[in-house]
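What follows is a short report on a single structure.
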Amino acid sequence: MDFSYRLLSWYHKNGRSLPWRDTEDAYHIWVSEIILQQTRVDQGIHYYYRFIDAFPDVYSLSAATEDQVLRLWQGLGYYSRARNLHKAAREIAGKHGGILPGNSKDLEKLSGIGPYTAAAIASMAFKEVVPALDSNVYRVLSRLFAVSEAIDTVKGRKIFNDLSRDLISHDDPGGFNQAMMDFGSLVCKPANPDCMSCIFRLECLAYKRNAISRFPVRHPKKVPVKRYFVYAVLEEVSETGEQYFFVQKRTRQDIWKHMHEFPLLEKKENPIENTEAIEAWLTSLCGNKKAYTICGSPLYLKHQLTHQTIHAYFIRVRIHAVSGKKLQESYMRTTAETFDKLAKPRLIERFLDCCF
DNA sequence: AACGCGGGGCT
DNA sequence: AGCCCAGCGTT
């Protein structure tokens, strides 16, 4: 089969030049692969430079705190990637002498490394002949062979796995995998693919059937759920003139785990008209009605996630004198400077951009 | 197998 | 407004 030869020829002429290519350092490749999970290259590349700069090797990453790693990941989303990367780095530093496992099966045992990432690292860093199936590859193959099985089922995955195993280059598996991904993102794009410059156009079954847009097949997605957040932005100015905020770290199995935010009241329905309930909440936070003053009217921000629509209201509150017990026990009192260094979700960053 | 997990670009 | 992106872990 000359598929891989033709693909690699295309790749050597048209492939992208990226900082994690042309390196033997498995750690660098690993970091790039984690950053690029469900993330476009354009979006992730800046984070890659900053991450490698801050943590140039496994040991520097393992020596960092989770908070430091999350702060660097801030704004990129899917924060479990950062937590798992950090966790795995500590495991490698502790149990593997700082060396990444040298094959895909052992790589897959590490936190945050699944079938795709294991195959990507093993093929690129260790020349293991194993196909890395990401959504680019699913798209390219589903169109080439008009695969009508959905890509997000076990049955479908097996079909694509088998196809790739037949096609993959044994001389340059890493190049093959990267070539497939570049081809998918540069030519066989999700929308408006560039079929006219496609080297496989004449063999492409989807193109022949004039059915490009029907591939790949995937299961329909769920509609986003609505959530209503009311944040109390509690500001206290001490006698020395220092400004303090009250913040908390999210710990639940939910969005933004281990990221920081303001005291939060969440409702299923829009609560903003119910001023009594909100004031009761603020009072319980601050101890009594005289302990605080609401500044102005709430600021509303809509925040769209892939699977949730968050309607957020920020209420700025000035705290006088002594704070309530609940505030002391459940929340951290931080200076503006310290707060700045904490990892925060985009929504909180957006609010800060508006008001501070 | 189904679900939850971000943020941003493209159409 | 909806779809998609160098997927993975949990339930």
Side-chain angles (χ1 to χ4, degrees), chain A residues 15-16 18-21 28-48 70 73-85 87-88 107-124 131-140 142 150-157 160 164 174 176-186 188-193 213 215-225 227 250 252-259 301-310 343-350:
Chain A
R16 290 173 289 189
L18 298 169
W20 48 86
R21 290 183 173 165
H28 288 204
I29 295 173
W30 174 33
V31 169
S32 77
E33 290 303 336
I34 301 298
I35 287 176
L36 292 175
Q37 285 170 7
Q38 291 290 283
T39 304
R40 286 167 293 101
V41 170
D42 290 344
Q43 190 184 357
I45 193 162
H46 177 61
Y47 282 85
Y48 173 81
L70 279 173
W73 210 270
Q74 177 175 306
L76 195 54
Y78 282 170
Y79 299 101
S80 66
R81 293 182 293 174
R83 300 198 314 271
N84 285 328
L85 181 63
K87 187 177 166 192
L107 282 164
E108 221 175 305
K109 293 173 188 161
L110 293 165
S111 300
I113 299 186
Y116 162 76
T117 306
I121 298 171
S123 66
M124 295 170 199
L133 276 66
D134 77 327
S135 49
N136 287 306
V137 179
Y138 286 126
R139 188 170 57 252
V140 171
S142 73
I151 63 175
D152 43 11
T153 62
V154 174
K155 208 173 159 189
R157 303 248 160 142
F160 290 103
S164 326
F176 174 87
N177 284 332
Q178 300 192 73
M180 284 292 279
M181 294 190 275
D182 267 15
F183 190 78
S185 77
L186 297 175
C188 199
K189 298 175 288 184
N192 304 329
S213 64
F215 300 96
V217 176
R218 55 174 102 220
H219 281 317
K221 294 184 175 162
K222 278 187 58 180
V223 293
V225 294
R227 297 173 76 172
R250 293 178 68 91
R252 294 191 307 281
Q253 209 67 17
D254 193 6
I255 56 171
W256 306 328
K257 189 178 176 187
H258 292 187
M259 306 286 278
L301 288 178
K302 180 178 168 178
H303 196 69
Q304 187 63 55
L305 304 181
T306 301
H307 43 285
Q308 301 182 9
T309 305
I310 296 168
K344 299 169 282 294
R346 270 299 280 146
L347 173 61
I348 302 297
E349 258 330 280
R350 286 177 57 204

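- As a whole-Å value, the separation of A/Ile151 CD1 from C/dA6 P is 12 Å.
- Between the side chains of A/Tyr116 and A/Glu33, at least one donor N or O lies within less than 3.5 Å of an accepting N or O.
- Note: CG (A/Leu76) to P (B/dG9) measures 12 Å, nearest angstrom.
- Distances from the side chain of A/Arg346 to the nucleotides C/dC4, B/dG7, C/dA6 place B/dG7 closest.
- Residue A/Ala191 places its side chain closer to B/dT11 than to any other of B/dG9, C/dC8, B/dT11.
- Of the two residues near DNA chain B, A/Thr39 and A/Thr153, the one whose nearest nucleotide lies more 5' is A/Thr153.
- Across the interface with DNA chain C, nearest-nucleotide mapping of A/Leu110 and A/Leu18 shows A/Leu18 to be the residue nearer the 5′ end.
- In terms of polar N and O atoms assigned as donor or acceptor, the side chain of A/Thr306 comes within less than 3.5 Å of the base of B/dG6 in a complementary pairing.
- Contact check for A/Gln304 versus A/Pro224: side-chain heavy atoms found under the 4.5 Å cut-off.
- No engagement by A/Ser32 is indicated, since no non-hydrogen atom pair under 4.0 Å with the nucleic acid exists.
- Proximity note for A/Asn192 (side chain, C-beta onward) versus C/dG9, B/dT11, C/dA6: the nearest is B/dT11.
- Within the model, atoms CG of A/Asn84 and OH of A/Tyr78 stand 14.0 Å from one another, a figure rounded to the nearest 0.5 Å.
- Between A/Met181 and A/Val137, some side-chain heavy-atom pair lies under the 4.5 Å cut-off.
- For the residue pair A/Arg21 and A/Gln178, a side-chain donor N or O sits within less than 3.5 Å of a side-chain acceptor on the partner.
- For A/Leu36, counting side-chain heavy atoms from C-beta on, the closest listed nucleotide (B/dC3, B/dG6, C/dA6) is C/dA6.
- Applying the 4.0 Å criterion to OP1 and OP2 of C/dA6, one finds that A/Gln178 has every side-chain N and O outside that range.
- B/dT11 and C/dA6 are spaced 14 Å apart, taking the P atom of each and rounding to whole Å.
- At a threshold of 4.0 angstrom between heavy atoms, the contacts of A/Gln308 are confined to the sugar-phosphate backbone, with no base atom among them.
- Taking only side-chain atoms of A/Arg40, from C-beta outward, the nucleotide of C/dC8, C/dC5, B/dC3 with the closest atom is C/dC5.
- No contact: A/Gly44 has no heavy atom under 4.0 Å from any strand.
- Nearest to the side-chain atoms of A/Ile255 among the listed nucleotides B/dA1, C/dA1, B/dC5 stands B/dC5.
- Rounded to whole angstrom, the span from the CD1 atom of A/Ile35 across to the C1' atom of B/dG7 amounts to 14 Å.
- Put simply, CD on A/Glu349 and CD on A/Gln74 are 4.5 Å apart, with the number rounded to the nearest 0.5 Å.
- For A/Lys257, the NZ atom counts as densely surrounded, since its 6.0 Å shell holds more than 12 non-hydrogen atoms of other residues, nucleotides or ligands.
- OP1 or OP2 of C/dG7 has not a single side-chain nitrogen or oxygen of A/Gln37 nearer than 4.0 Å.
- When heavy atoms are screened at a 4.0 angstrom cut-off, A/Asn177 is found touching no nucleic acid atom at all.
- In terms of phosphate contacts, A/Trp20 brings no side-chain nitrogen or oxygen within less than 4.0 Å of OP1 or OP2 of C/dA6.
- Annotation: C/dT11 and B/dG6 have their P atoms spaced 15 Å apart (nearest Å).
- Comparing B/dG4, C/dA6, C/dA1 against the side chain of A/His307 picks out B/dG4 as the nearest.
- Listed candidates were C/dC4, B/dG6, C/dC8. Nearest to the side chain of A/Arg218 is C/dC4.
- In this structure, A/Asn84 reaches the sugar-phosphate backbone alone: every heavy-atom distance under 4.0 Å involves primed, P, OP1 or OP2 atoms, never a base.
- Contact annotation for A/Arg139: backbone-only contact, meaning every heavy-atom pair under 4.0 Å involves sugar-phosphate atoms and none involves a base.
- As a whole-Å value, the separation of A/Phe160 CZ from C/dA6 P is 16 Å.
- Rounded to whole Å, the distance from NE2 on A/His258 to P on B/dG4 is 20 Å.
- Summarising the geometry, the separation between CG on A/Leu347 and P on B/dG8 is reported as 11 Å, rounded to the nearest angstrom.
- In this structure, the CZ atom of A/Arg250 is 9 Å from the P atom of B/dC5, given to the nearest Å.
- Toward the 5' end of DNA chain C, the nearer of the two residues A/Ile113 and A/Pro190, judged by each one's closest nucleotide, is A/Pro190.
- The side chain of A/Lys221 approaches C/dC4 more closely than any other nucleotide in the set C/dA6, C/dC4, C/dA1.
- One cannot find a donor-acceptor pair under 3.5 Å joining the base of B/dG8 and the side-chain atoms of A/Gln43.
- The distance from the OH atom of A/Tyr138 to the CZ atom of A/Phe160 is 7.5 Å, given to the nearest 0.5 Å.
- At B/dG7, one or more side-chain N or O atoms of A/Tyr79 fall inside 4.0 Å of OP1 or OP2 (strictly under the cut-off).
- A/Val137 comes within contact range of no nucleotide atom at all, as no heavy-atom separation falls under 4.0 Å.
- Protein atom OH of A/Tyr47 is 17 Å distant from nucleotide atom C1' of C/dA6, rounded to whole Å.
- At the heavy-atom level, A/Lys222 lies under 4.0 Å from the strands shown only through sugar-phosphate atoms.
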